[in-house]
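Lettering of chains follows the sequences in order, A, B, ..., and the numbering in each one begins at 1. Just so you know, these numbers come straight off a predicted model, no measurement behind them.
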Amino acid sequence: MKNNKDVKVALIGNPNTGKTSLFNQLTGLKQKVGNYPGITVEKKLGICKLNDSVKAEVTDLPGTYSINPTSLDETLVLDTLLNEKNNSFPDVVVVVVEIENIKRNLLLFTQIKDLKIPTILVINMIDQMKRKGIDINVNELEEKLNTKIVLASARKNVGIEELKEVILDYKKLDTTSIGKITDKIDKEYFTKLKNAFPEFTLYKSWLLITQNNEFEFLNDNQKKLVLKFREDLGCIKRYQHKETIFRYQIINNVLKSSFKIDKSKASDLRGILDRILTHKIFGYVIFALILLFIFQGIFDWATYPMDIIDGAFASLSSWTKSILPPGTFTNLLAEGIVPGIGGVVIFIPQIAILFTFISILEETGYMSRVVFLMDKIMRKFGMSGKSVIPLISGTACSIPAIMASRNISSWKERLITILVIPFTTCSARLPVYAILIALIIPDKRVLGILNLQGLTMMALYLLGFTAAIFSAILLNAVLKIESKSLFVIEMPNYKIPSLKNIFYEVVEKTKAFVFGAGKIILAISIVLWFLASNGPSTFKNSEQIVTSKIENANLSEDILQKKVASFKLEHSYIGYMGKSIEPMIKPMGYDWKIGIALISSFAAREVFVGALATIYNVDNDAENSGTIKERMAAEVNPNTGKSRFDFPTGISLLLFYAFAMQCIGTLAIVKRETNSWKWPILQLVGMGILAYVSAVLAFNIFS
Amino acid sequence: MQDILTYIVLGLAIGFLVKKYIFKTKNNDKCDTDCGC
């Protein structure tokens, strides 16, 4: 509950100004990621203790260049600042600008200042001042901008305490605008506007009439007046241009004497690095080497903690069975819940390593160079450079990646991006790939340093990207939608990655997997265990049926118990379900047990490993049933006498999971983003056919 | 007793899955953005 003393703070700034680093420094781990009501744009809220009795509720608003929105993200910033009745309306706005791009960043500041909301200016990345030959006269700048300025380096925790003190004293901030822009544009017009909306500030009234939004907080009369002003659109557009020109004139005047750059003192390391990293040959080679290093790291470093976790859960399962009294709940714990949780926890090391690398690439500024590098290529496939970020984000999860495609202005490019994103290897595929690769690819070194399993993993990631690219080419040729777009990207400065930011990012992503996917995996494991441990009359009489068979008469007690367990699973509810789809999946090399895992993972592919772990645990009646990998490796194909997960079946499964659209969440978000069922159905059917055909071909070629 | 506990846990698991995939709750400002995949 909000205390009366709490201060509502909105963090606003252009993209790449270090706003999120500042948010992390202010709020630490006291953060909550949510959505804005009714839409799926991320909302980051955090609590910051200003002193012993006052706290600040900090909202990290999406990055925007101005409050004239061109995308859904930017519209949010405008809505937050205009609607005073809104729960998110700030008491004070903190505008974050970057020292090197201060001129462009100040445009947003001058707009917010005109809304007469108390505003603090944070000049971030001051640690780069000396290297860039920059000198600022803070007092003069404060005086000219009518505000308090805090010089900060969010990454190095510089200026944070000072900022907290300024936020505490926000009521003392000067709210007068900088220069009478409206008078310079057309005094008469703006007087008329002021008189039409006497209850609002002049700049707020101007924003109300210039934006194409429906403002729900206006009453009917105000809405009518807004529409009336909007009738003269030509005049509005002309005045908007004038506004921007006048704002930059003011900014130039303000910065003329208070902000100086001595180019002779600046080093041009950035230019050299840019030339190398975006080079038409070296750029791609470097990117490929970085990817190779990442996947080597995932396999080489994650193996040790994964083996420890796997072993620990196997022991825990046996221990649970030995310590608790025999019964159904004990079985549920030992065979359903413990392996189910184990199937989630085991993949934490790999996911954490992957996101550590991705965060480092983002933090250093390298990712923007990759986007630039890829733009030329992407255009040939009907996408834009902006499609690269959603495609790379797709390695985490397709859902936020599809949402991230909203900043692509061309509908055709956006639609193609949305449709091909699910081919990129998301974190849910990682557990499936990891276990299958460990089973079918030997843990060997290639050229002395490269791990063969790591290379296979990289090949699967590249396969996902390749499938996305080929689908994009096909869609580009088939879709008859006319549209054009421009590609503009800002290259942030190279930075030493902040450990704190990387830590928060990795924790957030790992938490999302464990608590998001983990809950589903656990729930499905429980249901699967029940369906595998119960069945119709044949199941109930399993022991009697098996022991009464003549060929089993001379078997040892141990082997007989295994036969009973196997018979039980085959005649359980899940056994019948698996058997019912066996004819369809046999051409892919799968038996009914793998069929069960396929059915269970239809809604979410990561369930595959957990499902198999549960099935093989129920199937194996021995006290110590081993790790997930051991249980899968021990499974024998009765027709061939070889391992069930041999090379042909393993490759077939890898290809099936690389291409199949097994994620209900993604289908739902595609429907919402495209506003039609046509596209998610096309994805489901198209990807399903590709997955099935590839799996059948792979199994038959390698058999 | 063990049977009762088993059915409670099973009921909770089914309830969770039904809520997640069939009666999906509308977004509000308290929703997180994890996608469950």
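- Atom NZ in A/K8 sits 11.0 Å away from atom OG1 in A/T80 (nearest 0.5 Å).
- The parts of A/I526 that come within reach of chain B are both its backbone and its side chain, each placing non-hydrogen atoms under 4.5 angstrom from that chain.
- Looking at A/I337, only its side chain comes within 4.5 Å of chain B, counting heavy atoms on both sides.
- In this structure, the side chain of B/Q2 engages the main chain of A/P325 through a donor-acceptor pair within 3.5 Å.
- Contacts of B/L10 with chain A are made by both backbone and side-chain atoms, with heavy-atom separations under 4.5 Å.
- A ring-centre distance under 6.0 Å is found for A/F530 and B/Y7.
- Proximity of a side-chain donor or acceptor of A/S572 to a complementary backbone N or O of A/G535 within less than 3.5 Å is not detected.
- Residue A/P431: no heavy atom, backbone or side chain, is found under 4.5 Å from chain B.
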